[in-house]
Amino acid sequence: MDRKELVAYFRSLDRSFFVEGDMKKYAGLDGPLPIGFGQTISQPSLVLEMTRLLAPAKDSKVLEIGTGSGFQTALLAKMSAEVYTVERIADLMEKAQKRLELLHFSNIYYKVGDGSRGWQEHAPYDRIMVTAAAGILPDDLVDQLAVSGRMIIPIGPPDLQELKLLTKTASGNIKMKTVEFVRFVELKGQYGWGK
Ligand code: SAM
C-alpha cells in the first residue's frame, strides 16, 4: 500500500459530504458523529489508522462490515481492487451507495444483511475490516479470509473493545494481536450483541 496516496486521498475526502444537516458543521472534528438510526460515522483518525493497519494492496479484494456513511468504504475502494460492503440498515446503505456513486466508484458491491456472517458468495477476501464491536471473533469471517489475508476487528463489550489485527498463515492458522482500545457501536447479528 502506498501510504502517501492513502494520506493524500484521506485529506481530499470532504467528510461533510458523508453526514447530514447540522452534523455538517462538525465534520472537521476528529470524533465520531451521528448518522441516524443510533449509528455513527467513525472518528477520522481511526479510519485512517485502521486502513493503514489493514494495508490493502491495489489488487486486494476487501470485505467491509458496517458501511455506515460510506466514508471508510471510499478509502478502502480507493486503495484496493474491489470492496464488498455489508450494512444491516437499508436506509443507511441506500444513502452511502448514492454518495459513493456520486464519487464515481465502480468497484464497490453492496449488500444489506447480517455482515457478522460475512458475504460467502464472493469469498475468500484478502482483507476484512469490521467497523462495529463484535462479541466474539466471527468464525464465518475467519473462514472467508484468504491465506495470507488480514482482518481488523474490534472485539469486546459495548463500552470498550480491543482492536484486533489478525493474519491467516499459509497453514490456515490465525495470528492475532491487540492494537489498541477503541469504542465502536455494537455489531448486531449472529456474532454480535443481539438482533
Ligand atoms: N465506518 C463507517 C463510517 O465511516 O461511516 C461507520 C460504521 S458504524 C461505526 C458501524 C456500522 O455497522 C453501522 O452502520 C451499523 O448499522 C453497522 N452494523 C452493525 N451490525 C452489523 C451487522 N451485523 N451487519 C452489517 N452491518 C452492521
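All ligand and atom numbering here is 1-based and tracks the order in the structure. Residues take their numbers from the sequence shown, with the count starting at 1.
Of all protein heavy atoms, the one closest to atom 5 (O) of ligand 1 is Ser69 OG, 2.6 Å. In this structure, the protein non-hydrogen atom closest to atom 20 (N) of ligand 1 is Lys188 N, 2.9 Å. For atom 10 (C) of ligand 1, the closest heavy atom belonging to the protein is Thr131 O, 3.3 Å. For atom 13 (C) of ligand 1, the closest heavy atom belonging to the protein is Gln39 OE1, 3.2 Å.
Looking at Glu162 and Thr178, their side chains do bring a donor and an acceptor atom within 3.5 Å of each other. Side chains of Thr85 and Glu64: a donor on one and an acceptor on the other come within 3.5 Å.
Distances from atom 25 (C) of ligand 1 to the heavy atoms of Gln190, Arg183, Met93, Arg88 put Arg88 nearest. Here the shortest heavy-atom distance to atom 6 (C) of ligand 1, taken over Thr73, Leu33, Thr40, belongs to Thr40. Closest heavy-atom approach to atom 24 (N) of ligand 1 among the candidates Ala74, Gly115, Gly70, Gly68: Gly115.
Geometrically, ligand 1 and Ile65 share no nitrogen or oxygen pair separated by less than 3.5 Å. Among the atoms of Asp114, some N or O lies under 3.5 angstrom from an N or O of ligand 1.
Residue Leu187 touches ligand 1 through backbone and side chain together, judged by heavy-atom distances below 4.0 Å. Counting heavy atoms under 4.0 Å from ligand 1, residue Ile41 touches it through both backbone and side chain.
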